[in-house]
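To start, the structure under review is shown below, and the notes come after it.
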Amino acid sequence: MIVRCVAIAIAIAIAIAACVRPAEERTLEDLEVGIADDGDGLAIEVEEGAAQVRSIGGGAALLWAQAPVVRATLGAAADTALTLTVENCMPGAELSALASGRPLAVTALGGERPTVCRFSLELPAGEEVALDLAPPDAARVEPFRFAAMGDIQTALPSVGDVFSRINAEPDLRFVISMGDVVEDGRLDQYELLVDKLAELDIPYFSTIGNHELRANLDRWHELFGRYNVHFTFKGVAFSFVDSGNASIDPLVYDWLEDWLADAGDTVHVFGTHYPPIDPVGARAGSFRSRKEAAKLLAMLAGGGVDLTLYGHIHSYYAYSNAGIPAYISGGGGAIPEKLDGIGRHFLVVEADPPGGLGPVGVVRVDPE
Amino acid sequence: MSPSRQVALAVLLAALVCAVRPAAAERPVSKRRRAAAMGAAVFPGVLAHGAGHFVLGEKTVARRLLVGEGIGLGVAAAGAVPLALTGASRHYAAPPIAMVVGGVGMFALSWAADLYGATGAAGPRAPPEAAPVELELGYGYVYDPRFDYRNFAVTAASVELGWFRVAPVAWIALGDDNQRLRLEGAYRLAGDGGMRATGDASHFEIQAAATHHRYPDDGFAVETLEASVAGRLDMARVGDSLAGSFADLSLGIGSELTNYYAPGAGADLGEMLLGRFGYGVAFGCPGGTHGEASIYYDHRRDTFTGGISPGTGPGSGFIGLFGVETRVHLGSRWGVRARFEQGAARVFSLGILTRFGDTP
């Protein structure tokens with residue numbers, strides 16, 4: 001009797017149990033980003049899922065870039081005049097195309113705003129065409145600046161104030177976002193987000209936070225692509241991973257291990273939504289497992305990461321974890337932490353490769 | 001907590017309750033009324049605690065449970081309001097969060113009590129009394145896909161020294177390099193145990209613990225120091241219909257030092273809030289097969305288990321673990337203990353207990 005009842009209790013406990021790998025499904029979706037065809041012989045595959053293919057067909061392809069440099073292979077069954085549009089691209093990005101090693105003529109058509117790049121090119125039938133979209137200085141290792149921010153959520157209607165201030169900041173190359181860009185993932189919120197991002201003069205590369213999980217996550221996937229983003233720009237590696245469930249999927253740990261190894265001594269910036277450890281420990285706005293948090297930080301420290309950026313907490317914190325400088329910047333406008341004297345803000349990071357990183361500044365959007 | 005999870009928890013409690021023998025009823029309750037009481041304890045009982053007892057005609061107990069719910073909600077709200085107003089300000093977060101955890105605990109326990117009492121499972125049973133010395137040897141299984149370890153040897157002991165209790169616990173990984181060594185101590189301020197036998201399971205004590213946990217393969221080790229106040233209420237004090245059950249509640253603070261093995265990484269020092277509440281039932285009779293079973297929530301996220309996935313609700317990132325535990329004593333010497341916890345990981349352990357010395 002007792003054994004039976006305990007067995008029942010344990011079985012029910014397992015039934016009510018939360019999943020130990022809640023992000024598995026969407027992590028696997030990352031592997032599908034950037035792969036598409038029109039069913040009529042026109043196909044594209046973007047390396048590393050660096051861009052989502054929003055549409056393809058009728059002699060046109062529309063992509064959303066999630067990295068400063070986008071490389072892809074294209075193939076067409078018949079000679080095709082293609083118009084390629086890449087949104088969220090680096091301003092001034094140039095496209096080169098090689099078919100079986102020989103350059104193809106590419107015509108830049110310009111875009112309606114700085115972050116829209118449009119080109120036309122002729123795809124020869126049956127040949128694999130390698131595309132490379134990048135700003136001219138992408139491979140030059142030299143100082144540059146980028147912005148970082150997180151946690152827009154309910155402040156999405158007024159985030160234009162933040163974006164205007166970012167636009168006013170000189171020489172920023174792109175914005176890194178630590179997630180929570182929408183409040184609860186409704187379609188109208190994503191539509192508004194896309195409208196607002198159009199106000200930015202530089203691209204906005206983002207992972208997700210917990211708020212994107214509140215509704216149909218396919219909306220994020222279809223619009224922006226990867227949840228876990230990694231790229232290298234001007235000698236600095238960036239790894240932004242999905243911790244929307246206050247945890248990182250085991251497969252992402254495998255990827256991160258590779259990214260850390262590939263980066264080697266390169267300057268490396270890591271970001272994720274949840275701080276592994278909340279600087280205010282009793283509050284615990286952090287990873288759901290302190291052991292996982294320690295594992296991640298040990299991994300980042302061992303991998304030579306130079307900077308960690310987090311969101312989730314709607315304020316600004318500067319501290320260190322595992323000896324790595326750490327910043328929490330949740331100043332996108334979501335319900336703010338009070339009594340901190342910060343308000344809406346974003347970070348400006350001075351990258352100074354190959355030596356390291358310069359100062360990280362905080363730019364306030366609202367008057368003090 | 002989602003409605004489906006609330007229902008599942010209710011079913012779980014019912015499953016635990018089925019392990020106890022009902023006492024001879026002082027007042028006969030028809031099957032129909034009993035069923036109505038159990039239904040009422042689920043709904044509207046989840047909103048109005050004591051509804052099950054009200055249907056049974058146990059109005060005094062029903063009122064006490066409703067008051068317990070009110071106190072729980074009040075304390076939780078008193079914590080939640082400043083949290084909301086300050087946006088969980090770094091300056092004032094800890095006390096309000098402790099109030100939320102404690103208040104939610106009170107709320108959950110009064111509901112659990114109504115569910116228990118509505119089943120008619122009450123009886124004059126007490127949880128197993130502590131023995132002067134208890135040893136445990138067992139096996140632990142941890143499923144966390146982020147770590148390589150799975151199987152552990154578990155050894156534990158508990159030694160009563162008057163009002164003091166000392167309890168070392170060791171989890172040693174088999175097939176991986178991971179060891180968790182913990183020393184718990186407690187001083188009983190009031191209630192049963194130690195040199196006293198009051199016949200009432202209620203007690204109140206202060207607890208402290210030190211933990212050393214090594215993760216050499218993952219490049220870090222953690223040292224933890226903590227202190228808590230903990231109490232157990234024999235629910236017979238609330239009403240006869242709750243006899244044979246008990247409620248646990250504890251609150252505390254801890255400090256954690258994480259040492260990283262990577263050169264230059266140093267160490268991080270942090271604090272954590274500790275909070276635990278649980279509801280349990282006793283079964284059997286001392287001398288024969290007897291024991292206790294309980295279901296609990298633990299706010300801590302520094303164990304193998306970690307916290308459950310925060311999901312998408314307002315509790316994102318702030319939730320601890322859920323667990324069930326039972327210990328069964330086969331006479332005065334031998335017994336077994338089983339525990340299952342769900343958080344970021346699933347943790348199961350099963351141990352053989354042996355006890356020495358006379359219970360008080």
Side-chain angles (χ1 to χ4, degrees), chain A residues 1-2 5-6 8-10 12-22 184 210-211 213-215 245-248 250 253 274 277-292 294-295 297-299 301-302 312-315 317 320-324 335-340, chain B residues 5 8-9 11-12 15-16 18-19 85-91 93-94 97 143-147 215 218-220 222 253 256 258 260-262 264-266 268 270-273 283 293 301-302 304 306-312 316-319 322 324 326 328 338 340 342-346:
Chain A
M1 177 70 166
I2 292 167
C5 289
V6 170
I8 292 170
I10 290 173
I12 295 171
I14 290 171
I16 66 171
C19 180
V20 297
R21 253 192 101 174
D184 49 26
N210 54 305
H211 280 260
L213 304 180
R214 289 186 170 184
N245 293 96
S247 173
I248 292 175
Y253 277 111
Y274 277 87
I277 300 291
D278 187 340
V280 182
R283 181 174 57 190
S286 53
F287 273 31
R288 61 188 174 129
S289 162
R290 282 177 173 256
K291 294 301 185 279
E292 185 191 347
K295 171 194 166 106
L297 292 173
M299 199 171 168
H312 190 63
I313 296 168
H314 301 167
S315 186
Y317 291 76
S320 77
N321 46 200
I324 308 167
I335 301 171
E337 179 184 324
K338 305 287 197 324
L339 311 171
D340 60 356
Chain B
R5 191 162 293 168
L9 282 169
V11 175
L12 172 60
L16 290 172
C18 76
L85 291 177
T86 65
S89 165
R90 68 195 76 186
H91 306 295
I97 291 174
Y143 178 66
D144 185 336
R146 291 156 194 82
F147 292 95
Y215 283 73
D218 295 292
F220 68 94
V222 181
I253 55 171
E256 183 182 70
T258 305
Y260 303 98
Y261 298 166
D268 288 334
E271 77 276 8
M272 57 186 168
L273 176 70
F283 51 80
R301 296 190 288 176
D302 66 322
F304 284 114
I308 66 168
S309 173
T312 58
S316 299
F318 302 98
I319 304 174
F322 289 91
V324 290
T326 186
V328 180
F340 173 80
Q342 173 69 51
R346 293 190 185 109

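What's counted below: heavy atoms across the whole structure, side chains too, no hydrogens, waters or symmetry copies. Chain letters run A, B, ... following the sequence lines, proteins first and then strands; every chain starts at 1.
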For B:Y215, is the NZ or CZ atom of A:K291 found under 6.0 angstrom from the centre of its six-membered ring and inside 45 degrees of the ring axis? no
Side chains of A:D340 and B:H91: does their closest heavy-atom pair fall under 4.5 Å? no
Of the backbone (N, CA, C, O) and the side chain (C-beta and beyond), which part of B:A93 lies under 4.5 Å from a heavy atom of chain A, both, or neither? side chain
Please classify the contact of B:Y143 with chain A as side chain, backbone, both or neither, using a heavy-atom distance under 4.5 Å. both
In terms of heavy-atom pairs under 4.5 Å with chain B, the winner among A:P279, A:S289, A:A294 is A:A294
Interface residue of largest heavy-atom contact number with chain B, from A:R21, A:H314, A:H211, under 4.5 Å: A:R21
Evaluate the side-chain proximity of B:I97 to A:R283: yes if any heavy-atom separation is below 4.5 Å, no if none is. yes
Do B:R146 and A:S247 touch side chain to side chain, with heavy atoms closer than 4.5 Å? yes
Looking only at heavy atoms, the pair that brings B:D218 and A:K295 closest together is OD1-NZ, 3.7 Å
Taking all atoms of both residues into account, what is the closest heavy-atom pair of B:S89 and A:E337, and its distance? CA-CG, 3.6 Å
Counting only non-hydrogen atoms closer than 4.5 Å, does B:I253 touch chain A with its backbone (N, CA, C, O), its side chain (CB onward), both, or neither? neither
Is it the backbone or the side chain of B:A88 that comes under 4.5 Å from a heavy atom of chain A, or both, or neither? both
Got a second to check how far B:M272's CE is from A:D278's CG, nearest 0.5 Å? 14.0 Å
Would you give the length of the straight line joining atom CG of B:L85 to atom NZ of A:K338, rounded to the nearest 0.5 angstrom? 7.5 Å
Most contacts with chain B, counted as non-hydrogen pairs under 4.5 angstrom, among A:A282, A:A322, A:G281: A:A322
Check: A:L297 and B:D268 side chains under 4.5 Å, non-hydrogen atoms: yes
Taking B:G270, B:P145, B:G264, B:A345 one by one, which has the highest count of heavy-atom pairs under 4.5 Å against chain A? B:P145
Measure B:T258 against the heavy atoms of chain A and call it side chain, backbone, both or neither at under 4.5 Å. side chain
Answer with side chain, backbone, both or neither: which region of A:I313 has an atom nearer than 4.5 Å to a non-hydrogen atom of chain B? neither
Without swapping roles, check the side chain of B:R301 against the backbone of A:A284 for a donor-acceptor pair under 3.5 Å. yes
